[in-house]
There are 2 protein chains.
Amino acid sequence: MTNALALSALADPTRREVFERLARGPLPVGELALGLPVSRPAVSQHLKILKAAGLVTDRPDGTRRVYQIDPRGLGQIRAWLDQVWDVALDAFRAEVERQAEQDQEQP
Amino acid sequence: MTNALALSALADPTRREVFERLARGPLPVGELALGLPVSRPAVSQHLKILKAAGLVTDRPDGTRRVYQIDPRGLGQIRAWLDQVWDVALDAFRAEVERQAEQDQEQP
DNA sequence: CTAGGGCGTTAGTCATGACTTACCGTAAGT
DNA sequence: ACTTACGGTAAGTCATGACTAACGCCCTAG
């Protein structure tokens, strides 16, 4: 259900960049914005979306706010991927069996 | 590189629906459009995007065009997910070691 | 060879969302 | 208490993309 949030969150290139940077270690917003081609408020907005998708968590650190990766979001996506994959595999097997039965009826 | 295409392709709800339907078995465009809340041309456009992302393949069948799931696209996403996950794990381990060293210097 | 079903494409419309600038709250440091 | 760094929020702009209607092409059936 929430996989929709996670997938659309990671669809944006800037958010993927933010996410990959956080994978290399926790960072405050300011440092995160340095080196990115967008302004700091833009980064804040992206972080808000990533947080809502369960992809990052934040904790206050004095006047800063440190963000880091949240494993739950990745889990959502992986679960959805696996489910689609299983359905596809089952459908493929069913098709093969159906074909085999047909071939047996008319040799 | 192409994981960008696959991720942004699956960000759209209608395309996810199309993709999940195809997981249940190959379908021509017309049947795919039936039961979807959008017009047939819209489905065609979505299929074009899914195909460019390596998520589906198509083959001509008389006057129809049958679409089915392409495993490559899912592989792209999974590979990217795994990579980000590995980076995060390494960073976490490095942080733990750094902490341990600091603790040893000042008991 | 003609008729018609099945799809892809184009043009145009409308909504969504990514971005910046300006502003305000909050938590330290002097 | 004053100031300054840090970050979230609001308002407004602009581009992207999802959709429909209309058109044209190919393939098969008769």
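Treat the numbers as computed from the prediction; the structure is a model and nothing was measured. Within every chain, numbering begins at 1; the chains are lettered A, B, ... in the order of the sequence lines, protein sequences first and strands thereafter. These numbers come from the heavy atoms of this one structure, side chains and all, not from hydrogens, waters or symmetry mates.
- Not a single donor-acceptor pair under 3.5 Å links the side chain of B:D61 to the backbone N or O of B:R64.
- In this structure, A:I49 atom CD1 and C:dT16 atom P are separated by 14 Å, rounded to whole Å.
- Of the candidates C:dG8, C:dT20, D:dG8, D:dG8 carries the atom nearest the A:V29 side chain, counting heavy atoms from C-beta on.
- Here D:dT9 presents its P atom at 9 Å from CD of A:Q45, a figure rounded to the nearest Å.
- In this structure, CZ of A:R64 is placed 13 Å from C1' of D:dT4, rounded to the nearest angstrom.
- Between B:L36 atom CG and D:dT20 atom C1' the separation is 15 Å, expressed in whole Å.
- Residues A:E20 and A:R16 are not paired through a salt bridge, judged by the lack of any N-O separation under 4.0 Å between the basic side chain and the carboxylate.
- In this structure, B:V66 and B:D58 have side chains that are not in contact, with every pair of non-hydrogen atoms separated by 4.5 Å or more.
- Dashed line: the shortest gap from a side-chain N or O of B:T63 to OP1 or OP2 of D:dT28 is not under 4.0 Å.
- In this structure, A:P41 reaches the bases: a heavy-atom distance under 4.0 Å links it to at least one base atom across the strands shown.
- If you check distances only, the side chain of A:R40 does reach the base of D:dG7 with a donor-acceptor pair under 3.5 Å.
- One interatomic measurement links the two molecules: CD of A:E31 to P of D:dA5, which rounds to 16 Å at whole-angstrom precision.
- Distance A:L27 CG to D:dC6 C1': 15 Å, rounded to the nearest Å.
- For the pair B:L47 and A:P37, both in contact range of DNA chain C, the more 5′-proximal nearest nucleotide belongs to B:L47.
- When the side-chain nitrogen and oxygen atoms of A:H46 are compared with OP1 and OP2 of C:dG17, none of them lie within a distance under 4.0 Å.
- Using a 4.5 Å heavy-atom cutoff, the side chains of B:Y67 and B:L50 are not in contact.
- Using a cutoff of 4.0 Å between basic side-chain nitrogens and carboxylate oxygens, B:R78 and A:D82 are scored as salt-bridged.
- Contact check, A:Y67 against D:dC6: no side-chain N or O comes under 4.0 Å of OP1 or OP2.
- Contact annotation: B:R15 reaches the phosphate of D:dA18 (side-chain N/O to OP1 or OP2, under 4.0 Å).
- Atom pair B:D58:CG and C:dT9:C1' shows a separation of 15 Å (rounding to whole Å applied).
- Straight-line distance from the CG atom of A:L32 to the C1' atom of D:dG7: 12 Å, rounded to whole Å.
- At C:dA18, none of the side-chain N or O atoms of A:T14 fall inside 4.0 Å of OP1 or OP2 (strictly under the cut-off).
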